[in-house]
**Q** 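The structure follows.
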Amino acid sequence: MSSRARLADIAVKAGVSEATVSRVLNGKPGVAEDTKQAVLTALDVLGFERPTRLRRRSAGLIGLVMPELINPIFPAFAQVIESALSQRGFTPVLCTQSPSGATEDEYVEMLLERGVSGIIFVSGLHADTGADHARYQSLVDRKLPVVFVNGWLPGVEAPFVSSDEAAAMELAVSHLVALGHRRIGFASGPERFIVVQRKLAGYRTAMKAQLGLNDAEVDSMVELSMFGVEGGAAAAQRLLDVGVSAVVCGSDMMALGVIRAARQRGLAVPDNISVVGYDDAPMMEFTDPPMTTVRQPVNAMALAAVQSLLEEVRGHTTPHTEFLFRPELVVRNTTGPHREL
């Protein structure tokens, strides 16, 4: 194919003049950033190689923004997403937040400066109903492909990939009810997070439907604390005080905290109290005792996020909706039949 024909094809695909394409490819000044990105995207879509000087800055970098890596469910997501991107020829740029480190906004600014082709957000500020979500609308407005994992923003035109939190709680409560438990507590993180709101709604619905409890009875067994082992232990103190025989937790880390608090009171798991985690993070089958938990379908969710993002990067529209993935109950040894103390 002649270089003239190639210029014409790129110009048509990008919706600009051949002269503009030539200026971009030759590194000439005076081309708006949005126009430059449109030309480079057209180049990628048509399968042409980028000029070397334009390759390093924008050769298929994908940002992956996620919370701290202390909870092993986040490294599990990162591993599948990074592997899937690498197999498809993209270079993942992992940005993890910590209390004293860079903020999500600072990471996004850095990723934009590096010319990323798109960003995947896992359990970011999009999951926090108390955060300002205009930041995400601005990314969508500038036509940057973005995908959100575990969270939902009405009005933001992007794909969302989530675990079905309500179904997860229904699975957990059903399992405990079948074991004879009636006083089933719920321990999770702060209610401002949409994942907590959904779990709480699912727990309430299941408790009322399966045990015939009223709102006040259900609410007396709800304790919202901090995510993490310490938060789980703190929530357990009050739940044990009100006489629950089982606890459904918002994460495996919180479930470990509940087990620790129960043991400090001389209670055995599962003989005196049953505990159900959430996530099925790596190593949960090796805890003492091995953890009964609700497994997030990490592989399926991560691959769907990557697939949706790369479709957008290639210029194809994907459904701007929420894809809900059904979790799975994994029964191990932290749950057992209800026994009167």
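The chain is numbered in sequence order, starting from 1.
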**Q** What are the two closest non-hydrogen atoms of C249 and V247, and how far apart are they?
**A** SG-CG1, 3.9 Å

**Q** Give a yes or no on whether the backbone of R135 and the side-chain of S138 come within a donor-acceptor separation of less than 3.5 Å.
**A** yes

**Q** Taking the side chain as C-beta and beyond, is there a heavy-atom pair between F193 and T129 under 4.5 Å?
**A** no

**Q** Check whether any side-chain heavy atom of T334 lies under 4.5 Å from a side-chain heavy atom of I259, and answer yes or no.
**A** yes

**Q** I need the M284 CE to R295 CZ distance, nearest 0.5 Å.
**A** 12.5 Å

**Q** More than 12 heavy atoms of other residues, nucleotides or ligands under 6.0 Å from CD of Q79: yes or no?
**A** no

**Q** Considering all heavy atoms of both residues, which atom of G155 and which atom of Q137 are nearest to each other, and what is their separation?
**A** O-OE1, 3.7 Å

**Q** Would you name the heavy atoms of M66 and F74 that are closest together and state the gap between them?
**A** CE-O, 3.4 Å

**Q** Identify whether V16 and F48 are in the same connected component of the hydrophobic contact network (ILVMFWY, side-chain heavy atoms under 4.5 Å).
**A** yes

**Q** Answer with yes or no whether the hydrophobic clustering places L240 together with M226; edges join I, L, V, M, F, W, Y residues whose side-chain heavy atoms lie under 4.5 Å apart.
**A** no

**Q** Can you confirm whether more than 12 heavy atoms, excluding those of R263, are under 6.0 Å from its CZ atom?
**A** yes

**Q** Given 3.5 Å as the limit, does a donor-acceptor pair link the side chain of R260 with the main chain of G232, or not?
**A** no

**Q** Just how far is it from atom OG1 of T287 to atom CG of N333, taken to the nearest 0.5 Å?
**A** 8.5 Å

**Q** Give the C-alpha distance, both sets of side-chain angles, the deciding distance and a yes or no for side-chain contact (heavy atoms from CB on, under 4.5 Å) between Y278 and S163.
**A** CA-CA 11 Å; Y278 176 82; S163 179; 3.0 Å; yes

**Q** Find out if a path of hydrophobic residues (ILVMFWY) with successive side-chain heavy-atom gaps under 4.5 Å connects V146 to M110.
**A** yes

**Q** Specify the closest pair of heavy atoms between M291 and D252, including all atoms of both residues, with the distance to one decimal.
**A** CE-O, 3.9 Å

**Q** Which pair of non-hydrogen atoms, one from E322 and one from G151, has the smallest distance, and what is that distance?
**A** OE2-O, 3.7 Å

**Q** Should R332 and D280 count as side-chain neighbours, where that means a heavy-atom distance under 4.5 Å?
**A** yes

**Q** Using the side chain to side chain contact (heavy atoms under 4.5 Å, CB included) rule, pick out the option among V122, V156, I119 that qualifies with F148.
**A** V156

**Q** Which is it for T20 and S17 under the side-chain hydrogen bond (donor to acceptor under 3.5 Å, both in side chains) test, yes or no, and what are the steps along the way?
**A** CA-CA 5 Å; T20 299; S17 69; 2.9 Å; yes

**Q** With a 3.5 Å distance limit and no angle check, can you tell me whether Q296 reaches the backbone of P327 through a side-chain donor-acceptor pair?
**A** no

**Q** Return yes if a side-chain donor-acceptor contact under 3.5 Å exists between S22 and E18, otherwise no.
**A** no

**Q** Indicate yes or no for a side-chain donor-acceptor contact from N71 to the backbone of I73 under 3.5 Å, with no hydrogens or angles considered.
**A** yes

**Q** Applying side-chain hydrogen bond (donor to acceptor under 3.5 Å, both in side chains) to Q37 and R142, what does each step give before you reach the verdict?
**A** CA-CA 11 Å; Q37 289 304 321; R142 66 189 291 166; over 6 Å; no

**Q** Test Q210 against S174 for side-chain hydrogen bond (donor to acceptor under 3.5 Å, both in side chains), laying out the working first.
**A** CA-CA 8 Å; Q210 296 184 44; S174 296; 2.9 Å; yes

**Q** Would you say L324 ends up clustered with F121 if hydrophobic residues are merged whenever their side chains have heavy atoms under 4.5 Å apart, either directly or through other cluster members?
**A** no

**Q** Is it possible for you to say whether I273 and V242 belong to one hydrophobic cluster, with membership spreading through side-chain heavy-atom contacts below 4.5 Å?
**A** yes

**Q** How close do S225 and G231 get, heavy atom to heavy atom, and via which atoms?
**A** OG-O, 3.1 Å

**Q** Could you go step by step and tell me if H320 and E312 meet the side-chain hydrogen bond (donor to acceptor under 3.5 Å, both in side chains) rule?
**A** CA-CA 11 Å; H320 292 161; E312 300 259 333; 3.0 Å; yes

**Q** Using 0.5 Å steps for rounding, measure from the CG atom of L200 to the OG atom of S188.
**A** 8.0 Å

**Q** Contact between I184 and M221 at the side-chain level, heavy atoms closer than 4.5 Å - yes or no?
**A** no

**Q** Please report the interatomic distance CG(L310) to CZ(R88), rounded to the nearest 0.5 Å.
**A** 6.5 Å

**Q** So that I can tick it off, tell me whether R339 and D271 are bridged by a salt bridge, with the cut-off set at under 4.0 angstrom between side-chain N and carboxylate O.
**A** yes

**Q** Can V196 and F227 be said to form a side-chain contact (heavy atoms from CB on, under 4.5 Å), step by step?
**A** CA-CA 10 Å; V196 176; F227 282 116; 3.5 Å; yes

**Q** Do the charged groups of D164 and K199 touch, with an N to O distance under 4.0 Å?
**A** no

**Q** Step by step, work out the side-chain contact (heavy atoms from CB on, under 4.5 Å) result for F160 and T321.
**A** CA-CA 6 Å; F160 292 81; T321 184; over 6 Å; no

**Q** Check for a donor-acceptor pair, side chain of E170 on one end and backbone N or O of V173 on the other, with a separation under 3.5 Å.
**A** no

**Q** Please check this pair: side chain of S308 against backbone of A304, looking for a donor-acceptor N/O pair closer than 3.5 Å.
**A** yes

**Q** Does some side-chain heavy atom of F325 sit less than 4.5 Å from a side-chain heavy atom of V161?
**A** yes

**Q** Do H175 and T292 have side chains that get closer than 4.5 Å, going by heavy atoms?
**A** yes

**Q** In Å, rounded to the nearest 0.5 Å, how long is the span from CD1 of I120 to CG of L85?
**A** 5.0 Å

**Q** Are N214 and V218 close enough, and set up right, to give a side-chain contact (heavy atoms from CB on, under 4.5 Å), and what steps lead you there?
**A** CA-CA 6 Å; N214 62 38; V218 173; over 6 Å; no

**Q** Under 4.5 Å between any side-chain heavy atoms of Q307 and T318, yes or no?
**A** no

**Q** Hey, does M301 have a side-chain heavy atom less than 4.5 Å from the side chain of F323?
**A** no

